[in-house]
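Throughout, numbering of the chain's residues begins at 1 and tracks the sequence.
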Amino acid sequence: MSKYKKLVLPLILVLAVAVVAMFGKTLSTKSAAVKDNRTEVVFWHEMGGPAEKSLMKIVDGFNKSQTKYRVVPKYQGSYDAAIQKILQTHGTGTSPAVFQAFDISAAQMMHSKFTVPVQDFIDKDGFDANKISPVARSFYANDGKQQAMPFNTSQPVLYYNASLLEKYGITPPPVSPSYSDITRVAKQLYERSHHQVKGMTVQIYGWLLEQAMANAGVGLTNNNDGHTGIPTKATISNDASKEFLEWIRENQKAGDFMNYGSGAMAGTNQTTGFLNGKVGIYIQSSASISQLNKKNKNKLGITYFPHPDGKKANGVAIGGAALWISNDKPKAVQNGAFEFIKYSLKPEVQAQWQKDTGYLALNKDSQQTSILKGLYKQHPESKVPSQQLQEAVPNHFNSGILMEGMQKTRQIEQFAMESIYNGGDITNALKDADKKIDDNLTTTNRANGYH
């Protein structure tokens, strides 16, 4: 046999085996699908890493809990990328039946007319939506209807290094602190550590500026942050924003403030600085709890998002994403999508989701499960974000911002914060931000045909 044949024959055999295996797998999968006769529900999501593993537990649990539907999860990358895919594929055979879309795309999804309000299914099914956090639900509601159901939900909270406070004899801040409460702790920590530990940091992140306004009971735009009409004018230059940024400026001047900058790397660096004892206080998503509990050698302290002095906290809005149902699928598929949403909101499912990921359990009955009771016994501070969510009464300003073009708005907010952190005038920076947001709103509203 020639050298050429010796090389080619084994290659042909390998290819043949691969083809048989490939088609065998396809045929067996099709046979299984026909055999159990389930309705397929394609689910697009953006959960990667450990959170994806936790999400797959929910999907598998639903598929095993009944025999009528089969949810098929498909990862779509980043939130931004997924939104574009959803908008581009609607009405085609590749579009999803149920999908995850992040908070700042809520207005875009509502205006797209590509979805069925989950309220339609809630009313038909008799599902008790009152069990689900009202603040979380209010973000995705419009015209008295629940448009989507919140799913992976977080809120901003304040983290502090309780071990360092104990070491330097510093009284911790109260559960619902004012700006002055945090300033006291930050300055004491900086001074008593002989300037070895910075007291606090607040990342240059538009979401945090928005939350400061929400907690003070004011909005970023007119028309009640878009809840009573299409936003046409920004109102970021207000007393609440100024007070929040002046609070940061005060701590900068005192020397106890660490500026980690903006962007994803800033978020990573501030968490690293906190875990390494370089900075004692920072504000970030409650979903960070899982990471902090795993990697923290120090005792973790958590409070609510701080509020202005002399003013009661109004409550902060949620972050994260919701589950939406597409309107381009048969009724049977849409019904399956809602059954999956209902399953994902079960008390035990939500409790396990919070324990695994740090996202907040939205079903109020989750707090009574052995899963969360066990978590709170091991990490008592983990209960604080849930309490913050439960205590807030929904209103226009803590129910999120229903405005298209929020990605651009966040960039403008970030630019203003960066200018202020670097010594720029607060009033001028906020007025400039208002003008830029107004220009973007005008362009966006005109493109969408809003007048």
Side-chain angles (χ1 to χ4, degrees), residues 41-63 65 69 71-79 82-83 86 96-106 108-110 115-119 121-122 125 127-142 146-155 285-287 289-290 317-326 334 336-366 371-372 385-386 389 394 399-400:
V41 179
V42 176
F43 168 39
W44 282 11
H45 69 90
E46 296 83 56
M47 296 280 93
E52 184 173 16
K53 292 181 180 179
S54 301
L55 181 60
M56 291 309 101
K57 284 186 192 176
I58 296 176
V59 172
D60 290 342
F62 172 73
N63 287 339
S65 71
Y69 306 103
V71 168
V72 180
K74 295 185 178 182
Y75 176 67
Q76 298 301 315
S78 70
Y79 284 129
I83 288 297
I86 289 162
V98 59
F99 60 87
Q100 185 186 29
F102 65 155
D103 53 351
I104 62 174
S105 69
Q108 188 175 21
M109 294 317 308
M110 289 179 192
T115 65
V116 184
V118 296
Q119 189 70 50
F121 300 92
I122 290 171
D125 184 84
F127 177 71
D128 186 5
N130 292 323
K131 294 270 188 183
I132 312 306
S133 163
V135 169
R137 281 189 288 115
S138 65
F139 198 123
Y140 303 102
N142 196 35
Q146 196 67 45
Q147 302 294 317
M149 195 62 80
F151 175 60
N152 55 304
T153 297
S154 62
Q155 284 196 312
S285 167
S286 57
I289 291 177
S290 183
I318 62 168
L323 299 181
W324 301 73
I325 298 176
S326 299
Q334 292 179 18
F338 183 67
E339 288 300 319
F340 173 63
I341 290 175
K342 278 201 307 179
Y343 178 86
S344 74
L345 292 170
K346 284 178 174 286
E348 294 77 12
V349 174
Q350 282 285 299
Q352 191 64 48
W353 179 243
Q354 177 173 326
K355 181 180 179 182
D356 289 348
T357 65
Y359 287 114
L360 298 171
L362 297 176
N363 191 316
K364 65 181 182 181
D365 291 344
S366 297
I371 299 168
L372 287 189
S386 295
L389 181 66
S399 296

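When each of Asp103, Leu362, Leu360, Leu389 is tested with Ile318 by the rule side chain to side chain contact (heavy atoms under 4.5 Å, CB included), just one qualifies, namely Leu389. Applying the side chain to side chain contact (heavy atoms under 4.5 Å, CB included) test between Val349 and each of Asn363, Ile58, Ile371 identifies Ile58 as the sole match.
Residues passing the side chain to side chain contact (heavy atoms under 4.5 Å, CB included) test with Ser399, sequence neighbours excluded: Ser138, His227, Pro394. By the salt bridge (Lys or Arg N to Asp or Glu O under 4.0 Å) test, Lys131 pairs with Asp365, sequence neighbours left out. Under the salt bridge (Lys or Arg N to Asp or Glu O under 4.0 Å) criterion, Asp356 pairs with Lys57, sequence neighbours left out. In this structure, the side chain to side chain contact (heavy atoms under 4.5 Å, CB included) partners of Ala322, at least two apart in sequence or on a different chain, are Tyr140, Ala148, Trp324. In this structure Lys53 satisfies the salt bridge (Lys or Arg N to Asp or Glu O under 4.0 Å) test with no other residue, sequence neighbours excluded.
The two residues Leu55 and Phe43 make their nearest non-hydrogen contact at CD2-CE2, 3.9 Å. Closest approach of Arg137 to Ile132, counting heavy atoms only: NE-O, 2.9 Å. Looking at every heavy atom in both residues, Ser290 comes nearest to Gly358 through CB-N, 4.1 Å. The nearest pair of heavy atoms linking Val71 to Pro73 is O-CD, 3.5 Å. Taking each heavy atom of Ser344 and Ile341 in turn, the nearest pair found is OG-O, 2.7 Å.
To the nearest 0.5 Å, atoms CZ (Phe151) and CD (Gln350) are separated by 7.0 Å.
Note on residues 342-351: pairs passing salt bridge (charged side-chain N to carboxylate O under 4.0 Å, His left out), not counting sequence neighbours, are Asp125-Lys342, Glu339-Lys342.
Taking 4.5 Å as the limit, every side-chain heavy atom of Val116 sits out of range of all side-chain heavy atoms of Phe338.
Using cut-offs of 30° and 60° for the angle between ring planes, the Phe340 and Phe62 rings count as perpendicular. Aromatic ring orientation, His45 versus Tyr75: tilted (interplanar angle from 30° to 60°).
At least one donor-acceptor pair under 3.5 Å links the side chain of Gln354 to the backbone N or O of Ala361.
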